[in-house]
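Report on the structure given below.
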Amino acid sequence: MSAAPQLVVHRDKELMAQAAAARLITKIVDAQSARGSASVVLTGGRNGNGLLAALHAAPARDAVDWGRLDLWWGDERFLPDGDPERNYTQAKEALLDAVPLDPARVHPMPASDGLFEADAAAEAYAAELANAAGPEDHGPVPTFDVLMLGVGPDTHVASLFPELPAVRETERTVVGVHGAPKPPPTRTTLTLPAIRAAREVWLLAAGEDKAKAAAIALSGAGEIQAPAAGAYGRSRTLWLLDAAAASQLPPELYPPAVA
């Protein structure tokens, strides 16, 4: 397991999104300077889309060489292409359509109106990840620079829900999810082994409805019962919270200052 998670608490969700966007720009630029390119795994949901919108509005976004950025997704709702509930559709609207990405380096998970049903779609995405991995990655997925995850009120991350089979997966990197407790019930998701291939994992949580989940995940819960507790990076695990989401953290976890 990586080092203990680091916590950064911001006053409100807007400031959290802006600060996370600035942090991500810096991380991408540093990776591109060091290795020529960068790879990021996006997350959907309220906090993930808020970060992308803040990135869209950030003047410093032009520091990124968008053509040398690989984008992946942590999970997807298994819906038709263009459906407004798909994470990919929402990401396009929030940011992607406004920046000069290389289409060959943007890797959305398959849609439900494509060639696959959900389990086959997961296999296809796993193969795409494996094809992108090089010898230096020492595994079946690329070593992502940053992998972002929203944290659900039930402690789910990506589409790894407490107690369901996907969170127990130890071999495959992508799986189909059936019977998810949050609609839509059918999804595709990275598994914990794939998530842990990232250099850095950032967990985003804002709002009072996330406070209990953050407290549980950061207080030693098991990953089967609290999937967010099992999400960590190779070199760094960062929880980015607003004050409301941090409100139930035990005192020993709460950082000394609020940014």
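Between Arg77 and Gln90, the shortest heavy-atom distance links the atoms NH1-NE2, 3.6 Å. Nearest heavy atom pair, residue Met148 against residue Leu42, reads CE-CD2, 3.6 Å. What you find for Arg86 and Pro110 is that their closest heavy atoms are NH1-O, 3.4 Å. In plain terms, the two heavy atoms of Phe78 and Ala121 that are nearest each other are CE1-CB, 3.8 Å. Counting all heavy atoms, side chain and backbone alike, Pro184 lies closest to Ala180 at O-CB, 4.1 Å. Heavy atoms only, all atoms of each residue included: Trp66 and Pro100 are closest at CB-O, 3.6 Å.
Put simply, the side chain of Val40 reaches to within 4.5 Å of the side chain of Leu69, judged on heavy atoms. Looking at Val8 and Gln6, their side chains never come closer than 4.5 Å, going by heavy atoms from C-beta outward. Between Asp119 and Glu117 the shortest side-chain heavy-atom distance falls below 4.5 Å. Side-chain contact between Leu190 and Met109 is present, with at least one heavy-atom pair separated by less than 4.5 Å. Contact of the Leu238 side chain with the Val201 side chain is not registered, since no non-hydrogen atoms from C-beta on lie closer than 4.5 Å. At least one side-chain heavy atom of Leu129 sits less than 4.5 Å from a side-chain heavy atom of Pro142. Looking at Arg168 and Ile224, their side chains come closer than 4.5 Å, going by heavy atoms from C-beta outward.
Using modelled atom types, no side-chain atom of Arg199 and backbone atom of Ser235 make a donor-acceptor pair closer than 3.5 Å. Thr155 places no side-chain N or O within 3.5 Å of a backbone atom of Ala228 that could act as its donor or acceptor partner. Under the 3.5 Å distance criterion, the side-chain polar atoms of Asp81 are left unmatched by any main-chain donor or acceptor of Ala111. Using modelled atom types, one side-chain atom of Asn49 and one backbone atom of Gly45 make a donor-acceptor pair closer than 3.5 Å. Distance alone, capped at 3.5 Å, is enough to place a donor-acceptor pair between the Tyr125 side chain and the Trp73 backbone. When atom types are taken as modelled, the side chain of Arg234 and the backbone of Ala197 share a donor-acceptor pair closer than 3.5 angstrom. Between the Arg187 side chain and the Ala118 main chain, no donor and acceptor come within less than 3.5 Å of each other. Judged purely by atom type and a 3.5 angstrom limit, Glu223 has no side-chain atom pairing as donor or acceptor with the backbone of Ala226. The backbone N or O of Gly230 lies less than 3.5 Å from a partner atom in the side chain of Arg196, making a donor-acceptor pair. Between the Thr237 side chain and the Tyr232 main chain, no donor and acceptor come within less than 3.5 Å of each other.
The pair Lys27-Glu200 counts as a salt bridge, with a side-chain nitrogen and a carboxylate oxygen less than 4.0 angstrom apart. Using a 4.0 Å cut-off between a side-chain N of Lys or Arg and a carboxylate O of Asp or Glu, Arg68 and Asp102 do not qualify as a salt bridge. Salt bridge annotation for Lys13-Glu208: absent, with no cationic side-chain nitrogen under 4.0 angstrom from a carboxylate oxygen.
If you chain together hydrophobic residues whose side chains sit under 4.5 Å apart, Ile25 and Leu51 fall into the same group. Residues Ile216 and Leu192 do not share a hydrophobic cluster, defined by chaining ILVMFWY side chains whose heavy atoms lie under 4.5 Å apart. The cluster map of Ile, Leu, Val, Met, Phe, Trp and Tyr, joined by side-chain heavy atoms under 4.5 Å apart, puts Val174 and Leu164 in different clusters. Put simply, Val177 and Leu149 are part of two different groups of oily side chains (I, L, V, M, F, W, Y) that touch within less than 4.5 Å, one to the next. Residues Val41 and Val106 fall within the same hydrophobic cluster, defined by Ile, Leu, Val, Met, Phe, Trp and Tyr side chains chained together at heavy-atom separations under 4.5 Å.
A distance of 9.0 Å separates CG in Leu204 from NZ in Lys210, rounded to the nearest 0.5 Å. Here Leu24 contributes atom CG and Ile28 contributes atom CD1; the two are 4.0 Å apart, rounded to the nearest 0.5 Å. To the nearest 0.5 angstrom, Glu76 atom CD is 12.5 Å from Thr186 atom OG1. Put simply, CG on Leu160 and OG1 on Thr189 are 4.0 Å apart, with the number rounded to the nearest 0.5 Å. Atom CG of Leu218 sits about 5.5 Å away from atom CG of Leu7, to the nearest 0.5 Å. Considering CG of Leu241 and CG of Asn47, their distance stands at 9.5 Å, rounded to 0.5 Å.
Donor-acceptor pairing under 3.5 Å is lacking for the side chains of Asp65 and Gln32.
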Full working for salt bridge (charged side-chain N to carboxylate O under 4.0 Å, His left out) between Arg46 and Asp209: CA-CA 12 Å; Arg46 187 174 73 208; Asp209 61 325; 3.2 Å; yes
Show your reasoning for whether side-chain contact (heavy atoms from CB on, under 4.5 Å) applies to Val157 and Thr43. CA-CA 9 Å; Val157 290; Thr43 185; over 6 Å; no
Could you check Lys182 against Asp154 for salt bridge (charged side-chain N to carboxylate O under 4.0 Å, His left out), going step by step and ending with a plain yes or no? CA-CA 10 Å; Lys182 179 181 178 182; Asp154 61 352; over 6 Å; no
Where do Val99 and Leu95 land on the side-chain contact (heavy atoms from CB on, under 4.5 Å) test, with the steps shown first? CA-CA 7 Å; Val99 292; Leu95 173 68; 3.9 Å; yes
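Under the ring-ring contact (aromatic ring centres under 6.0 Å, His included) criterion, no residue pair touches residues 170-205, with sequence neighbours excluded.
By the 30° and 60° cut-offs, the orientation of the rings of Trp72 relative to His107 is parallel.
With sequence neighbours left out, Asp75 forms a side-chain hydrogen bond (donor to acceptor under 3.5 Å, both in side chains) with Asn87, Ser159. Residues meeting the side-chain hydrogen bond (donor to acceptor under 3.5 Å, both in side chains) test with Glu85, sequence neighbours left out: none.
No more than 12 heavy atoms of other residues, nucleotides or ligands lie within 6.0 Å of CD in Glu171, so this atom counts as exposed by the packing criterion.
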